[in-house]
Amino acid sequence: MLIIPEIHEMQRWSDSARRDGNRIAFVPTMGALHEGHLTLVDRARQHADLVVASVFVNPAQFGPNEDFDRYPRDLEADAAMLHDRGVAALFAPNRDGMYPDGFRTTVHVAELGGMLEGGARPTHFDGVTLIVTKLFHAVRPDVAVFGRKDAQQAIIIRRMTRDLDFGTEIVVAPTVRERDGLAMSSRNRYLSSEEREAALALPRALKAGFEAYRDGERNARAVVKMMRAIIESEPRVRLDYIDAVSTGSLEPVERLGAGTLAAGAVYVGSTRLLDNWWIDDDGHEEM
Ligand code: PAF
């Protein structure tokens with residue numbers, strides 16, 4: 001596996017691979033890889049001849065009081081895992097390469113970034129759309145794979161790539177969970193064992209809502225109320241939001257059905273965790 005630190009070198013590698021007739025799939029990450037990321041790599045391989053991954057902890061998507069400085073970084077371990085999973089090239093730029101002196105440009109997807117996560121993290125998605133744009137220009141992928149755990153991110157990126165004619169297909173892969181149901185996340189490693197146990201209130205609440213939907217409940221307000229009560233019954237967890245929204249507008253829905261995302265975020269100590277379930281436009285449901 002090649003490790004490529006420079007944008008132009010990455011572009012040259014991709015252009016040459018495509019000239020040779022290869023389709024390129026891309027998995028962008030911030031490193032601190034776990035099985036959830038590696039499953040995205042497996043999914044990427046099903047869509048292309050060559051898989052490129054990136055590791056870059058993007059300062060632009062962290063707010064001033066967030067965990068940018070303490071975000072776990074271990075490029076060597078990440079590279080070994082990606083290599084073992086058959087990744088052809090790892091793009092690992094540095095901060096100055098991505099944001100050189102004088103950098104001014106923003107990429108903003110109207111409205112969608114202000115909902116759900118955007119309440120507590122108002123600048124977060126502008127940072128994500130900016131870096132994903134830059135990563136896509138470096139890697140020039142035919143297809144890119146994102147995790148459903150970050151459903152709002154996937155929805156915003158899909159909107160951006162359609163609005164701006166990127167020509168990159170966006171695949172959203174199912175959430176990978178620990179044995180006890182906690183969604184895999186690089187931030188899980190911040191949790192003490194007591195916090196880890198408390199954190200299960202989030203998947204427990206979402207699962208109860210998901211099962212109610214499967215049992216025929218369609219009243220979104222009733223399901224959200226039930227999920228909220230389950231989280232609030234765990235005193236070691238602080239609820240940020242839990243809601244059922246449209247996957248198109250991210251506005252709250254009245255009835256659960258095709259195109260519904262039920263998403264929640266909690267703080268456990270200072271660690272922020274997300275989880276969700278959704279029903280796609282064809283009515284397939286997945287938690
Ligand atoms: O999901 C992530 O890890 C990040 O938001 C992404 C897409 C790699 C952009 O930095």
Side-chain angles (χ1 to χ4, degrees), residues 4 7 10 25-41 43-44 51-63 66-75 77-79 81-82 87 89-95 97-99 103 105-109 112-113 116-118 120-139 141 143-161 164 166 168-176 183-190 261 263 265 271-276:
I4 303 178
I7 295 173
M10 186 68 245
F26 178 42
V27 180
T29 82
M30 296 205 301
L33 301 182
H34 49 69
E35 192 54 34
H37 295 109
L38 301 176
T39 306
L40 301 183
V41 169
R43 177 60 79 96
V51 179
V52 176
S54 65
V55 170
F56 179 66
V57 185
N58 172 35
Q61 71 189 76
F62 289 80
E66 294 181 10
D67 54 345
F68 176 71
D69 287 332
R70 76 163 174 149
Y71 200 84
R73 291 161 172 87
D74 189 346
L75 187 61
D78 292 339
M81 282 188 245
L82 294 168
V87 167
L90 166 59
F91 180 47
N94 64 30
R95 187 178 178 151
M98 290 312 252
Y99 298 116
F103 194 96
T105 303
T106 57
V107 181
H108 177 67
V109 176
L112 301 182
L116 303 176
E117 279 298 285
R121 311 184 73 194
T123 58
H124 172 67
F125 288 111
D126 284 355
V128 171
T129 45
L130 176 60
I131 196 64
V132 170
T133 298
K134 285 189 63 89
L135 291 168
F136 279 13
H137 286 316
V139 175
V143 48
V145 185
F146 292 85
R148 183 160 293 156
K149 182 182 72 68
D150 298 307
Q152 185 176 8
Q153 166 173 281
I155 288 167
I156 289 173
I157 288 168
R158 189 172 266 162
R159 182 75 269 152
M160 174 184 83
T161 54
L164 299 182
F166 272 68
T168 299
E169 181 193 345
I170 304 300
V171 170
V172 185
T175 301
V176 182
M184 285 193 184
S185 163
S186 304
R187 290 188 167 100
N188 290 353
R189 62 182 78 184
Y190 297 152
L261 166 69
T271 304
R272 184 182 174 79
L273 299 174
L274 312 183
D275 202 348
N276 64 70

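Note that ligands are numbered from 1 as they come in the structure, with each ligand's atoms numbered from 1 the same way.
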Looking at E169 and R158, does any basic side-chain N land under 4.0 Å from a carboxylate oxygen?
-> no

Measure from the ring center of F62 to the ring center of Y71 and say whether it is less than 6.0 Å.
-> yes

Any donor and acceptor pair, going by atom type alone, linking the side chain of Q153 with main-chain N or O of F125 inside 3.5 Å?
-> no

Just which atoms of ligand 1 are under 4.0 Å from any heavy atom in T29?
-> 8 (C)

Based purely on interatomic distance, does N58 place a nitrogen or oxygen under 3.5 Å from a nitrogen or oxygen of ligand 1?
-> no

Gap between atom CZ of F103 and atom CG of L130 - 0.5 Å precision = 4.5 Å

Could you list the atoms of ligand 1 found under 4.0 angstrom from a heavy atom of Q153?
-> 1 (O), 2 (C), 4 (C), 5 (O), 7 (C)

Under 4.0 Å from one or more heavy atoms of I131, ligand 1 contributes atoms 9 (C), 10 (O)

Quick one: does ligand 1 sit under 4.0 Å from the side chain of I157, the backbone, both or neither, non-hydrogen atoms only?
-> neither

Within the structure, does Q61 bring an N/O atom to less than 3.5 angstrom of an N/O atom in ligand 1?
-> yes

Which distance, rounded to the nearest 0.5 Å, do you find between the CD of Q61 and the CD of E66?
-> 9.0 Å

